[in-house]
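Quick notes on the structure that follows.
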Protein chains: 2
Amino acid sequence: MLDDASARAAVVAAADRLFYAQGVQSVGMDAVRNEAGVSLKRIYALFPSKDDLVVAVLRHRTRRWDEGIASAAADAVTPRERLLAVFDFLDAWFREDGFRGCAFINSFGELGATSPGVADAVREHKESFQRYACDLAAEAGLPDDVALQVVLLAEGAQTTAAITQDLEVARRARRAAERILDVPTPAAA
Amino acid sequence: MLDDASARAAVVAAADRLFYAQGVQSVGMDAVRNEAGVSLKRIYALFPSKDDLVVAVLRHRTRRWDEGIASAAADAVTPRERLLAVFDFLDAWFREDGFRGCAFINSFGELGATSPGVADAVREHKESFQRYACDLAAEAGLPDDVALQVVLLAEGAQTTAAITQDLEVARRARRAAERILDVPTPAAA
DNA sequence: CGGCTGGGAGAACGGTCGTTCTCTCAGTGG
DNA sequence: CCACTGAGAGAACGACCGTTCTCCCAGCCG
């Protein structure tokens, strides 16, 4: 038998794959059970309800997102380049098989109105990303407003790439971000 | 009794309100029946399935969107201002009670993977908006790439406004669009 | 006025989903 | 070897949903 931590991880990973590919409400708990190889009894011992499982999946995605942008930024030397590295991370992600947009945006649209837990998890994720961008911009001597403009581009790139399947989107968003960052900001510095 | 056209319109309007507020799968056909005041038998005579109703709702939303951005652009004199008017339209929309993001993005996340009809309707809507932006940009002597960068801002603004409830988002997106449009484009004109 | 059509209301049906329960059995302590 | 605990597998349960069907009555034609 798996210990609790391994079972939890297997269930979250399985649910993540299924929810992301098909939408949360299209996936029954039986499907999660089959994909994870963990009995329903065990799943319900680890997560009191499907809603809690969805929230756990989102928290797990937040960790993977944070690691992804940190790793993409690792090679960059200036804060400006670390900010732009977000778009390189997006570019690689958009090219993955089965890319279907931002799981947080998708979950918010599907469940945000009916599940406060999901809405909170999504909000916290987006706020954390905004803070990350603002911190980098501050290092570069740029105001929050510019950082948040770049964040808008990243968000728009994710939904647009999902819907249009256009592989150019991330590069285009990066060019737009460069344009925004390169405008001289009179009030800053 | 209502004629077919009026019944259709009532059902689509009712379904639109409910689907947008709660997500499609959280709304049963009984709820649509009650909201529209049209019997289930009649609804199924007008729409073969719930899926067809969802598509009809999205097509209706496309018409309203097109009218909205056209009306916001009506007062503008230059193509550049007509393009930026999109963000004034978004600003007014984000301030409405019950604003919950872009219905197309929400529907795509929830149903795009399981309903080809929904996926197509969403794709067509987004492509139509991209074409609108490219046409205006062309009038202003700007390349498609710049227009599509502005579109990314509009898309990002919609999801960000929905999740963060920040009323500043549309104005910030507009400022970003101005920055992008004001960069001299060496290859153009 | 009386039979008929056609549409409204909502019950009914088959299926599915989230959640719980039962049955079975492997592994352990005496 | 035997009683016992605890976990797995999956049946079962109650609720709900999309769709269809039945019943009933209003309004028209003879």
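Predicted model only: the values in this text are computed from it and were never measured. Protein chains get the first letters and strands the later ones, always in sequence-line order, with residue 1 at the start of each.
Closest to the side chain of A/S39, from the set D/dG8, D/dT19, C/dA9, is D/dG8. Out of D/dT19, C/dT19, C/dG7, the shortest distance to the side chain of B/S49 is found at D/dT19.
In this structure, B/Y44 places its OH atom 16 Å from C1' of C/dA9, rounding to the nearest Å. Put simply, CG on B/L46 is 11 Å from P on C/dG7, counting in whole angstrom units. Between B/I43 atom CD1 and C/dG10 atom P there is a gap of 13 Å when expressed in whole angstrom units. Rounded to whole Å, the distance from CG on B/D52 to C1' on D/dT19 is 13 Å.
Of the residues in residues 112-121 of chain A, none lies under 4.0 Å from DNA chain C by heavy-atom distance.
In summary, the side chains of A/N106 and A/E110 do not present any donor paired with an acceptor at a separation below 3.5 Å, with no hydrogens or angles considered.
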Please report, to 0.1 Å, the donor-acceptor pairs under 3.5 Å made by any side chain of residues 67-78 of chain B, with sequence neighbours excluded.
residue : atom : partner : partner atom : Å
B/T78   : OG1  : B/E81   : N            : 3.0

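The distance from the CG atom of B/D135 to the CD atom of B/E139 is 7.5 Å, given to the nearest 0.5 Å.
By the side chain to side chain contact (heavy atoms under 4.5 Å, CB included) test, B/D51 pairs with B/S49, B/S115, B/V118, sequence neighbours left out.
In this structure, A/R123 fails the cation-pi test against A/F108, since its NZ or CZ atom is not both closer than 6.0 Å to the six-membered ring centre and inside 45 degrees of the ring normal. A cation-pi contact, defined as under 6.0 Å to the ring centre and within 45° of the axis, is absent between B/R42 and B/F47.
Smallest separation of non-hydrogen atoms from B/L83 and B/L136: N-CD1, 3.7 Å.
Ion pairing between B/R80 and B/D182 holds under the 4.0 Å rule for side-chain N and carboxylate O. Salt-bridge annotation for A/R95 and A/D91: present, with a side-chain N of the basic residue lying under 4.0 Å from a carboxylate O of the acidic one.
B/R42 has a side-chain polar atom (N or O) that falls below the 4.0 Å cut-off from OP1 or OP2 of C/dG8.
Sequence neighbours left out, the pairs with a member in residues 153-164 of chain A that pass side-chain hydrogen bond (donor to acceptor under 3.5 Å, both in side chains) are A/K126-A/E155.
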At a cut-off of 3.5 Å, list every protein nitrogen or oxygen paired with a nitrogen or oxygen from nucleotides 11-17 of chain C, distance to 0.1 Å.
none

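One axis for each end of the helix from C/dC1-D/dG30 to C/dG30-D/dC1, each built from five base pairs, and the angle between them comes to 30° at 10° resolution.
Ring-centre distance between B/W65 and B/F104: not below the 6.0 Å cut-off.
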